[in-house]
Amino acid sequence: MNATQDPTSSALPPPAVQNQFLQYSITKKKRDGEDDTSVMVTWKNYLFEEVDGQQSTAPLNAYCFMTGFTDSITYSATFIWCAFQTGNSLRLALAFARLFDGQHDPSFDVPDGLALCSLLMFIVGAFMGRLGDRLGCKTRLWLTLGTFVQTLLTMVATIAIWKSHQGSIADGPSHPAWTSMLSFVCIGSMSASMGLQAIMGRRINTQFGTTVVFTSVWCELMADPKLFNIRRIVISRDHKIMAIIFMFLGGVVGRVLIDRVGSAATLAIGTVIRLIVTVWWLFIPEEQGRICL
């Protein structure tokens with residue numbers, strides 16, 4: 001009977017165990033894909049949550065610290081500010097006024113060029129800050145991304161001044177320590193980082209007001225009606241005092257480091273601080289009372 005049996009009739013279906021294994025594999029892959037999608041959605045929602053401005057005091061204080069820290073480096077080397085653009089604007093006005101002093105001096109010296117570079121790049125950095133309007137100026141995504149861009153710009157400034165092999169302390173307002181093309185790259189990168197920081201800090205809309213323009217901070221502090229109400233916490237006053245203190249500390253620390261290790265190493269330390277603040281923004285709590293879609 002075995003000899004006459006049709007060979008095709010002896011084919012058996014695949015074992016049930018094999019079918020169960022295939023079904024389990026397909027189900028597992030589908031579940032893994034759903035888990036990956038769920039994780040991505042969770043991260044996206046987390047990054048697009050708006051941070052609580054009242055709990056953003058620490059990174060904003062770090063911004064103020066970096067203002068003093070960064071300006072101490074550029075002012076010590078060139079007598080040029082990379083954050084306080086009022087002085088640079090006035091310096092350019094005085095350079096233009098030399099055309100009418102009777103001698104018609106058309107010269108444009110290195111400090112004037114550095115001031116112009118700083119002002120223009122500050123404006124470029126400020127325009128970069130407007131990208132936050134598309135991502136949400138208070139979202140974790142933008143605050144982390146924008147601060148990381150500040151970190152990269154500070155790192156570029158560090159590399160530029162390190163490769164220039166120039167000094168750290170100017171001999172006088174007319175004899176800056178930085179005169180090479182790489183010095184312009186350094187000043188420009190630092191100014192762009194400060195312009196970006198200025199817009200980001202302003203758009204958070206806290207009692208800090210600004211992390212760069214401290215003339216306005218002083219004015220708002222002196223005009224605060226609760227300035228002398230020392231028996232209670234007044235956020236509108238206390239945050240401005242903290243901003244001034246941290247800016248002052250940044251200037252002191254920056255100058256001390258310049259005297260000890262030089263401007264390149266000091267900028268490298270500033271890059272690390274920027275990176276820490278970048279990560280810091282990821283852990284600021286969400287603003288309560290908002291619905292994130």
Side-chain angles (χ1 to χ4, degrees), residues 63-96 108-133 137 142-143 145-164 166 168 170 173 176-203 210-216 247 250-251 254 258 263-264 266-271 273-275 277-278:
Y63 273 3
C64 297
F65 178 89
M66 285 304 300
T67 298
F69 187 90
T70 306
D71 264 332
S72 68
I73 299 173
T74 56
Y75 190 79
S76 296
T78 63
F79 287 90
I80 296 296
W81 310 108
C82 66
F84 307 144
Q85 295 302 323
T86 301
N88 292 338
S89 300
L90 184 58
R91 184 182 185 96
L92 292 174
L94 296 176
F96 183 74
F108 200 68
D109 55 22
V110 172
D112 295 336
L114 290 171
L116 178 61
C117 175
S118 177
L119 177 60
L120 293 178
M121 292 305 297
F122 184 92
I123 294 172
V124 170
F127 271 108
M128 291 170 59
R130 299 183 67 88
L131 294 175
D133 295 340
C137 57
W142 169 242
L143 292 172
L145 178 62
T147 309
F148 183 66
V149 173
Q150 297 173 34
T151 304
L152 294 178
L153 290 168
T154 308
M155 183 177 66
V156 170
T158 303
I159 296 173
I161 205 60
W162 172 59
K163 296 294 289 184
S164 71
Q166 295 196 303
S168 303
W178 297 353
T179 56
S180 67
M181 185 59 65
L182 287 175
S183 301
F184 281 82
V185 174
C186 177
I187 288 281
S189 299
M190 295 169 72
S191 299
S193 72
M194 295 310 303
L196 178 56
Q197 174 189 300
I199 297 301
M200 292 177 62
R202 183 63 179 171
R203 292 294 175 87
T210 177
T211 61
V212 172
V213 189
F214 281 89
T215 301
S216 64
M247 184 273 294
I258 291 171
S263 55
T266 303
L267 272 173
I269 295 173
T271 302
I273 296 175
R274 290 277 196 203
L275 187 59
V277 179
T278 299

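Fair warning: this is a prediction, and the values are worked out from it, not measured in the lab.
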Report the relative orientation of the aromatic rings in Tyr75 and Phe79; use parallel for angles under 30°, tilted for 30 to 60°, perpendicular for over 60°.
-> perpendicular
Side-chain contact, heavy-atom cut-off 4.5 Å: Thr67 with Phe214?
-> yes
Working to the nearest 0.5 Å, report the span between CD1 of Ile187 and SG of Cys117.
-> 7.0 Å
Ignoring hydrogens and angles, state whether a donor on the side chain of Ser168 or Ser263 is under 3.5 Å from an acceptor on the partner side chain.
-> yes
Looking at side-chain heavy atoms only, is the closest gap between Met121 and Ser189 below 4.5 Å?
-> no
Closest non-hydrogen atom pair between Thr74 and Thr78, with its separation = O-OG1, 2.6 Å
Going through the distances and angles, do Leu182 and Gln166 end up as a side-chain contact (heavy atoms from CB on, under 4.5 Å)?
-> CA-CA 10 Å; Leu182 287 175; Gln166 295 196 303; over 6 Å; no
Are any non-hydrogen side-chain atoms of Met200 and Met128 less than 4.5 angstrom apart?
-> no
Walk me through it: do Leu92 and Leu119 pass the test side-chain contact (heavy atoms from CB on, under 4.5 Å)?
-> CA-CA 10 Å; Leu92 292 174; Leu119 177 60; 3.8 Å; yes
Side chains of Val110 and Trp178: closer than 4.5 Å at any heavy-atom pair?
-> no
Can you tell me how far the CG atom of Asp109 sits from the CG atom of Asp112, to the nearest 0.5 Å?
-> 4.0 Å
So do Met155 and Leu275 actually touch side chain to side chain, heavy atoms under 4.5 Å?
-> no
Rounding to 0.5 Å, atoms CE (Met190) and CE (Met66) come to a distance of 8.0 Å
Between Ser183 and Ser180, do the side chains contain an N or O donor and an N or O acceptor separated by less than 3.5 Å?
-> yes
Decide yes or no for Leu267 and Cys186: does some side-chain heavy atom of the first lie under 4.5 Å from some side-chain heavy atom of the second?
-> yes
How far apart are the closest heavy atoms of Ile73 and Ile258, and which atoms are they?
-> CA-CD1, 3.5 Å
List the steps and the verdict of side-chain contact (heavy atoms from CB on, under 4.5 Å) for Arg203 and Asp133.
-> CA-CA 9 Å; Arg203 292 294 175 87; Asp133 295 340; 2.3 Å; yes
Are any side-chain N or O atoms of Ser118 and backbone N or O atoms of Ala115, one a donor and one an acceptor, separated by less than 3.5 Å?
-> no
Decide side-chain contact (heavy atoms from CB on, under 4.5 Å) for Thr215 and Phe84; before the verdict, give the C-alpha distance in whole Å, the side-chain angles of both, and the deciding distance to 0.1 Å.
-> CA-CA 9 Å; Thr215 301; Phe84 307 144; over 6 Å; no
Atom pair CZ/CZ of Phe69 and Arg274 - distance to nearest 0.5 Å | 10.0 Å
Minimum heavy-atom distance between Arg91 and Pro173, given as atom pair plus value | NH2-O, 3.9 Å
Would you confirm whether Thr158, through its side chain, and Thr154, through its main-chain N or O, come within 3.5 Å as a donor-acceptor pair?
-> yes
Minimal non-hydrogen separation, Gly250 against Ser72, with atom names = O-OG, 4.2 Å
CG of Leu114 to CH2 of Trp81, rounded to nearest 0.5 Å, is 14.5 Å
Interatomic distance, CG@Leu196 vs CZ@Phe127, rounded to 0.5 Å, equals 13.5 Å
Do the non-hydrogen side-chain atoms of Val124 and Leu120 ever get within less than 4.5 Å of each other?
-> no
For Ala198 against Val212, the heavy-atom pair lying closest together = CB-CG2, 3.6 Å
